[in-house]
Number of protein chains: 2
Amino acid sequence: MKKLFAINKLRELGYKITPQREYILDLFLKSKEHPSAESIYNTLKENFPYISLSTVYNTLNTLVDIGLARAIFLEDKTYFDPNIEPHSHFVCEHCGKIYDLEPVSIDLKSLKTEYISRIHNLDVYIYGICKECTYIKAQ
Amino acid sequence: MKKLFAINKLRELGYKITPQREYILDLFLKSKEHPSAESIYNTLKENFPYISLSTVYNTLNTLVDIGLARAIFLEDKTYFDPNIEPHSHFVCEHCGKIYDLEPVSIDLKSLKTEYISRIHNLDVYIYGICKECTYIKAQ
DNA sequence: ATCATTTTTAATAATAATTATTAATTTATA
DNA sequence: TATAAATTAATAATTATTATTAAAAATGAT
Ligand SMILES: [Mn+2]
Ligand SMILES: [Mn+2]
Ligand SMILES: [Zn+2]
Ligand SMILES: [Zn+2]
């Protein structure tokens, strides 16, 4: 179970397990839609009215720091992704939804290495219109 | 000349050519280092102390709107690129510099199109450490 | 169970990038 | 030169995110 793994890793690194962190993990780890801190906050507020946005940011940033989540920086704000397997993203320019795509394989060896000493990471964003938006528009 | 092309396109679309826009075009169009609005503003201020940051933002955003520049959204802020040929970017995680790379060729046809109706654009960011930073660190 | 230590929370303030507003000025055109 | 439309600079507003901090909670040892 993803949550237990996350809790173990947090404990192992000296982080304490609070109810707030568990609520966030419960919601975030199973999400597929790349939520923002605020959207997680708004959802949690329904059940836990006293949770604070700072705590949500704190927890999500911690998860990114320890490698259990990744951040997706788009034009307007930061989105968070609990899927840390290599993969790419499709961003619909109409509705803003972010979809997972297969990892795009890039031959990093073939890159001009004039400037590059070491490669740590790769982000591929494909922008366009999603099927849902085309379908709605066609009605 | 890139500047004349930009001015013609602006005129053609009903934009007026002001000295401020020319100063910005002069500086921006020949830049290779993906400047931010503020860095352009700071450089221009040396020669034109009365230019405003709003005007720089306005002009850069206009250039993006009409397809003469692209915006690069990174974690901290927006950078602007006068190079509108397809290409990728390498971002040094140590010094923050953004380097141009050859366009990464991706077989868009091979993408799972479960969600995708139309593709407009593609952004590839490779993160790592640049040679300059490795060299400096080794000293 | 209690204590001591460390961390976390929530609330709030602060920061920083960007956009909005607007009166005065400038451009483009006739 | 007169007119209409767009732009500028200054400033205010907005928004996402981080920083601060006193009070509360978690952890681990007694
Ligand atoms: Mn994803
Ligand atoms: Mn570039
Ligand atoms: Zn869509
Ligand atoms: Zn570097």
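Naming: A, B, ... by sequence-line order, numbering from 1 per chain.
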Looking at the base of dT11(D), is there any donor atom on it, or on the side chain of S54(B), that sits under 3.5 Å from an acceptor on the other one?
yes
Shortest side-chain distance from N58(A), nucleotide among dA9(D), dT8(C), dT9(C)
dT9(C)
Is S88(B) reaching over with its side chain to a backbone N or O of V104(B), donor-acceptor style, under 3.5 angstrom?
yes
Under 4.0 Å between a side-chain N/O of R11(A) and OP1 or OP2 of dA26(D), yes or no?
no
Using atom NZ of K45(A) as one end and atom P of dA10(C) as the other, report the distance to the nearest whole Å.
13 Å
How would you label the contact of T78(B) with the nucleic acid (heavy atoms, under 4.0 Å): base, sugar-phosphate, or nothing?
sugar-phosphate
Counting side-chain heavy atoms from C-beta on, which of dT8(D), dA10(C), dA9(D) comes nearest to R21(B)?
dT8(D)
Nearest whole angstrom, please: distance from the P of dA16(D) to the CG of D76(B).
17 Å
To the nearest Å, how far apart are E75(A) CD and dA17(C) P?
16 Å
Side-chain contact check for Y50(B): nearest option of dA10(C), dA16(D), dA10(D) is dA10(D)
Rounded to whole Å, please give me the gap between OH in Y41(A) and P in dT15(D).
16 Å
Phosphate contact (dT7(D) OP1 or OP2) by Q20(B) side-chain N/O below 4.0 Å
no
Residues E22(B), K3(B): salt bridge by 4.0 Å N-O rule
yes
So, does N61(B) get its side chain near the phosphate of dT18(C), meaning an N or O under 4.0 Å from OP1 or OP2?
no
5' priority, DNA chain C, between P49(A) and E38(B) [closest heavy atom]
P49(A)
T55(A) side chain N/O closer than 4.0 Å to the phosphate oxygens (OP1, OP2) of dA10(C)?
yes
note: L10(B), atom CG; dT7(D), atom C1'; distance rounded to Å ~ 13 Å
Send over the distance from F73(A) CZ to dT18(D) P, rounded to a whole Å.
8 Å
Under 3.5 Å, is there any donor-acceptor pair linking the side chain of K16(A) to the base of dT7(C)?
no
Within less than 4.0 Å of OP1 or OP2 of dT18(C), is there a side-chain N or O belonging to Y57(B)?
yes
In terms of side-chain heavy atoms of L53(A), which of dA26(D), dA28(C), dT17(D) is nearest?
dT17(D)
Any donor-acceptor pair under 3.5 Å linking the side chain of H94(B) with the backbone of C133(B)?
no
Need to verify one output field. Residue with the more 5' nearest nucleotide on DNA chain D, P19(B) or A37(A)?
P19(B)
Exactly one of Y50(A), F48(A), F28(A), Y41(A) clears ring-ring contact (aromatic ring centres under 6.0 Å, His included) with Y23(A), and that residue is F48(A)
Nearest-angstrom distance from the residue atom CD of E12(B) to P of dA28(C)
15 Å
Output yes when a side-chain donor or acceptor of T78(B) lies under 3.5 Å from a complementary backbone atom of L74(B), and no otherwise.
no
Length of the line joining I17(A):CD1 and dG28(D):C1', which is rounded to integer Å:
15 Å
Taking only the side-chain heavy atoms of T18(B) (C-beta and beyond), determine which of dT17(D), dA11(C), dT27(C) contains the nearest atom.
dT27(C)
Set out, in order, the CA-CA distance, both residues' side-chain angles and the distance that settles side-chain hydrogen bond (donor to acceptor under 3.5 Å, both in side chains) for D123(B) and H89(B), then state yes or no.
CA-CA 8 Å; D123(B) 276 347; H89(B) 290 107; over 6 Å; no
